[in-house]
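For reference, the structure discussed in these notes is given below.
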Amino acid sequence: MNLGEQLQSLREGKNMSREELSQEMNVSRQAVYKWENNKGYPDIENLIKLSEFYNITLDELIKRDQQFQKKISIDEKEKKFEEFSDPGFYIGILLVFIGLFTELGSFSVGLTILGFFTIVFYDDFKKLFLDLKKDFMKRS
């Protein structure tokens, strides 16, 4: 039994309509339709909500659907590649190399440290900048 069939069976076992389940899950009725017809899969947060709602483990939800398990594996491989396609990684490496191979005293040390911080905290810096920009635009 694939995930869609199992979700439909669990919903029908509770005598619920797709509309009722969608309201319970805080998603659209179309999302529930897609899950049940294997046209899409719930994200991890919704899988957790579904497992809690139906009082079954995540393992019981996904173990029977080999295709879904393969999709999870593919997504994990793509994430590993994405770690090195992050612009913060490249900007940080560039700053580290500039800092290491220039002899500008404490400025070089500062560039190296800034490079490491950029590699690690790029997403946080970007989010902070976007939040500041949004706040600035609200005030204007």
Side-chain angles (χ1 to χ4, degrees):
M1 178 184 293
N2 62 38
L3 181 63
E5 292 169 344
Q6 187 174 3
L7 291 174
Q8 184 173 0
S9 173
L10 289 166
R11 177 182 55 79
E12 290 172 349
K14 284 201 169 212
N15 294 320
M16 294 182 77
S17 68
R18 286 185 179 134
E19 183 69 34
E20 292 169 327
L21 180 61
S22 69
Q23 289 174 356
E24 181 71 33
M25 295 292 299
N26 199 25
V27 297
S28 69
R29 185 179 48 79
Q30 291 84 358
V32 174
Y33 170 82
K34 287 179 181 179
W35 299 343
E36 290 182 356
N37 289 285
N38 297 307
K39 296 184 186 296
Y41 292 106
D43 62 15
I44 189 66
E45 290 176 18
N46 284 322
L47 281 170
I48 292 169
K49 285 182 188 178
L50 287 164
S51 74
E52 290 171 351
F53 182 71
Y54 292 126
N55 199 27
I56 61 174
T57 65
L58 281 173
D59 199 36
E60 291 172 302
L61 262 180
I62 63 174
K63 232 181 188 176
R64 296 181 187 161
D65 192 340
Q66 297 297 321
Q67 188 176 2
F68 183 61
Q69 290 178 14
K70 287 178 185 175
K71 181 180 178 354
I72 292 171
S73 298
I74 290 168
D75 288 349
E76 287 175 1
K77 289 176 187 174
E78 287 175 3
K79 277 189 177 181
K80 287 180 183 177
F81 174 74
E82 287 174 6
E83 289 175 5
F84 296 107
S85 65
D86 183 16
F89 176 77
Y90 294 112
I91 293 168
I93 290 293
L94 180 66
L95 290 172
V96 167
F97 279 116
I98 291 171
L100 289 174
F101 296 113
T102 58
E103 295 188 25
L104 300 172
S106 59
F107 183 72
S108 295
V109 173
L111 276 177
T112 304
I113 292 170
L114 180 63
F116 284 119
F117 276 117
T118 302
I119 292 170
V120 176
F121 298 111
Y122 177 76
D123 288 331
D124 297 324
F125 289 146
K126 188 168 97 176
K127 184 180 181 314
L128 177 66
F129 175 74
L130 292 174
D131 288 344
L132 288 172
K133 182 180 173 185
K134 186 169 65 173
D135 289 343
F136 181 74
M137 296 304 250
K138 281 183 183 178
R139 291 182 184 167
S140 297

ask   = Which pair of heavy atoms, one from T112 and one from V96, lies closest together, and at what distance?
value = O-CG2, 3.7 Å
ask   = Transitively linked via ILVMFWY side-chain contacts under 4.5 Å: F101 with I113?
value = no
task = Check the pair M16 / F53 against side chain to side chain contact (heavy atoms under 4.5 Å, CB included), numbers first and verdict last.
result = CA-CA 12 Å; M16 294 182 77; F53 182 71; 3.4 Å; yes
request  = Report, as yes or no, whether the 6.0 Å neighbourhood of atom CZ on F116 holds more than 12 heavy atoms from other residues, nucleotides or ligands.
outcome  = no
request  = For Y54 and L7, work out which heavy atoms get closest and say how close.
outcome  = OH-O, 4.1 Å
note = Rounded to the nearest 0.5 Å, the OG atom of S28 sits from the CD atom of Q30 at a distance of 4.5 Å
query = Rounded to the nearest 0.5 Å, how far apart are CG of L132 and CZ of F136?
reply = 11.0 Å
request  = Provide the closest heavy-atom pair for Y33 versus K39 in the form atom of the first, atom of the second, distance.
outcome  = OH-CE, 3.9 Å
query = How long is the gap from CG on L50 to CG on L3, to the nearest 0.5 Å?
reply = 8.0 Å
note = Between L21 and V32, the two heavy atoms sitting closest are CD2-CG1, 3.9 Å
query = How long is the gap from CD on E12 to CD on E36, to the nearest 0.5 Å?
reply = 7.0 Å
key: Which atom of G4 lies closest to which atom of N38, heavy atoms considered   = N-OD1, 3.1 Å
inquiry  = Hydrophobic clustering (ILVMFWY, side-chain heavy atoms < 4.5 Å, transitive) - are F97 and F89 grouped together?
reply    = yes
ask   = Hydrophobic cluster mates of F107, side-chain heavy atoms under 4.5 angstrom, ILVMFWY only, any path?
value = I91, L94, L95, I98, L104, L111, L114, Y122
task = Group every Ile, Leu, Val, Met, Phe, Trp and Tyr by side-chain heavy-atom contacts under 4.5 Å, then state whether F117 and L100 land in the same group.
result = no
message = Nearest 0.5 angstrom please: Q8 CD to R18 CZ, how far?
response = 5.5 Å
message = For K14, is the NZ atom crowded, meaning more than 12 foreign heavy atoms sit under 6.0 Å from it?
response = yes
key: Atom NZ of K49: over 12 foreign heavy atoms under 6.0 Å   = yes
request  = Verify the cluster assignment for Y90 and F121: are they in a single hydrophobic cluster under the rule of side-chain heavy atoms below 4.5 Å apart?
outcome  = no
request  = Could you tell me whether D131 and K127 have a side-chain N and a carboxylate O separated by less than 4.0 Å?
outcome  = yes
message = What's the separation between atom CG in L47 and atom CD in E45, rounded to the nearest 0.5 Å?
response = 10.5 Å
key: Joint hydrophobic cluster, L61 plus I44, side-chain heavy atoms closer than 4.5 Å   = yes
message = To check you understand the geometry: which heavy-atom pair defines the closest contact between I56 and Q6, and what is its length?
response = CD1-NE2, 4.2 Å
message = For the backbone of S108 and the side chain of T102, can you confirm whether one donor and one acceptor N or O come within less than 3.5 Å of each other?
response = no
